[in-house]
Amino acid sequence: MDPDFLNIFTQPAALNEFLAENVIAQGERRKLIKPTSSNNAKLEELKLLLIDWINTTLKEEHIVVKSLEEDLYDGLVLHHLLENLGSLKLDVDKLALTEKKQRQKLSVILEAVAKCLQLEESQLKWSVESILTKDLLSTLHLLVAIAKHFQPTLAMPPNVQVETITIENTSRGLKTASAVEYITENKDNLEAQTKNDAFDELFSHAPDKLDAVKKVFLQFVNQHVAKLGLNVKDIESQFADGVILLLLIGQLEGYFLNLRDFFLTPSSTTEMLHNVNLALDLLTDGGLLNFSVNSEDIVNGDMKTIMRILYCLYSKYKTKET
């Protein structure tokens, strides 16, 4: 078992309690809010606001929600909420008493949400299984997305973030990765990027220059990782597992990266997230990263995020090379 696994709990007994309540099957991967985020004041503010919003919206239907986890998992409240907000007629029964029926109901509801919000499957931060198992993180992401779409004037608290732990049951035991995840918009980061981010302009208004910028970054990266016998040809795919990024940082910053600290050949998303989070920590500690980054964006191959990260290194070290 990963020794860091114990550190996510405030009390030693919490580990046994967690494993007793949450059976993670072989090959299964789950992401949860760390218990250390349970007393997050902004998180509580968001939960109370969403509960009040739902209850106000469904007041005439005499539906009262007291707990987001306990009252939304079976799809009944979501069904009424969507019909009320979007005038959607969902072809499912109002009541679903068995788990099989609840699963079918949620599948129809979440498919309708994705269609309304024009979201692709890769963009979804929830699933039938996560809502059905009363996962708070997924439930919050779902409700925030619905509220932003159907009632954009709802004044949700900005910058609500939680510490998360991703747990994967592999053949070698439980593997974990920690991260910080925003549930509502990081307005400070959005404002900073809006004021001073050439990459938004590049992707939106000058896509013809994108290849030229990629070539500059590739030349810069290969100039340093070639010393390790490596060659990078594709920024989008070769940085996703965090290995090249870690080795590049090590070369530029003079770090000795112990092979026991990261996964040289990651075999799962959890191991990739571990590598990327370590790289982001090194960049932050070195004063090279002054904006928030979602590690999952890098693992998912988000080109704009990866290029922003590379620019942090390029802008510091290009002058030393010339």
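Of all heavy-atom pairs spanning Ser295 and Val276, the tightest one is CB-CG1, 3.7 Å. A pairwise comparison of heavy atoms in Ala155 and Leu49 identifies O-CD1, 3.2 Å as the closest pair. Nearest heavy atom pair, residue Trp53 against residue Leu143, reads CZ3-O, 4.2 Å.
At distances below 3.5 Å, at least one donor-acceptor pair connects side-chain atoms of Asn55 with backbone N or O atoms of Ile51. Between the side chain of Asp71 and the backbone N or O of Ser67, at least one donor-acceptor pair lies under 3.5 Å. For Asn222 (side chain) and Val232 (main-chain N/O), a donor-acceptor pair under 3.5 Å exists by modelled atom type.
Partners of Glu69 by salt bridge (charged side-chain N to carboxylate O under 4.0 Å, His left out), not counting sequence neighbours: none found. By the salt bridge (charged side-chain N to carboxylate O under 4.0 Å, His left out) test, Lys47 is found to be paired with Glu44, residues two or more places apart in sequence or in another chain being considered. Residues that satisfy the side chain to side chain donor-acceptor pair (under 3.5 Å) test with Ser127, not counting sequence neighbours, are Ser130.
A salt bridge is absent between Arg30 and Glu129; no separation between the charged side-chain nitrogens and carboxylate oxygens falls under 4.0 Å. For the pair Lys125 and Glu296, the salt-bridge criterion is not met [side-chain N within less than 4.0 Å of a carboxylate O]. Salt-bridge check for Arg103 with Glu99: passed, with a basic side-chain N closer than 4.0 Å to an acidic carboxylate O.
For the atom pair CG of Leu142 and CG of Leu117, the computed distance is 9.0 Å after rounding to the nearest 0.5 Å.
Hydrophobic clustering (side-chain heavy atoms under 4.5 Å, transitive across Ile, Leu, Val, Met, Phe, Trp, Tyr) groups Leu82 together with Leu119.
At most 12 non-hydrogen atoms from other residues, nucleotides or ligands lie less than 6.0 angstrom from CD of Glu111. No more than 12 heavy atoms of other residues, nucleotides or ligands sit less than 6.0 Å from atom CD of Gln219. The 12-atom threshold is exceeded at NZ of Lys42, counting heavy atoms of other residues, nucleotides or ligands nearer than 6.0 Å.
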Check: Passes side chain to side chain contact (heavy atoms under 4.5 Å, CB included), Ile54 versus Asp52? Steps please.
Finding: CA-CA 6 Å; Ile54 294 170; Asp52 182 67; over 6 Å; no
Note to self: side chain to side chain contact (heavy atoms under 4.5 Å, CB included) for Leu140 and Leu43? Distances and angles first, verdict last.
What the structure shows: CA-CA 10 Å; Leu140 287 170; Leu43 178 62; 3.6 Å; yes
Notebook entry, point to check: What's the verdict on side chain to side chain donor-acceptor pair (under 3.5 Å) for Ser237 and Asp234, showing C-alpha distance, side-chain angles and the deciding distance?
Noted result: CA-CA 6 Å; Ser237 63; Asp234 183 69; 2.6 Å; yes
Next item on the list: Let me see the working for Thr98 and Gln102 under side chain to side chain donor-acceptor pair (under 3.5 Å), right down to the final yes or no.
Entry: CA-CA 6 Å; Thr98 66; Gln102 290 167 358; over 6 Å; no
Next item on the list: Would you please test Met303 and Lys214 for side chain to side chain contact (heavy atoms under 4.5 Å, CB included) and show each step?
Entry: CA-CA 10 Å; Met303 178 65 74; Lys214 286 182 186 178; 3.7 Å; yes
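Between His224 and Phe220, the ring planes lie perpendicular to each other; the angle is over 60°, past the 30° to 60° tilted range.
Side-chain contact of Asn84 with Thr57: a donor-acceptor pair under 3.5 Å is absent, judged by distance alone.
No side-chain heavy atom of Asp241 sits under 4.5 Å from any side-chain heavy atom of Val299. Within the 4.5 Å cutoff, the side chain of Ile131 has no heavy atoms near those of the Leu72 side chain. At a threshold of 4.5 Å between non-hydrogen side-chain atoms, the residues Leu137 and Glu181 count as touching. Residues Leu228 and Gln251 meet the side-chain proximity criterion, which asks for heavy atoms closer than 4.5 Å.
In this structure, Phe263 has its ring center under 6.0 Å from that of His274.
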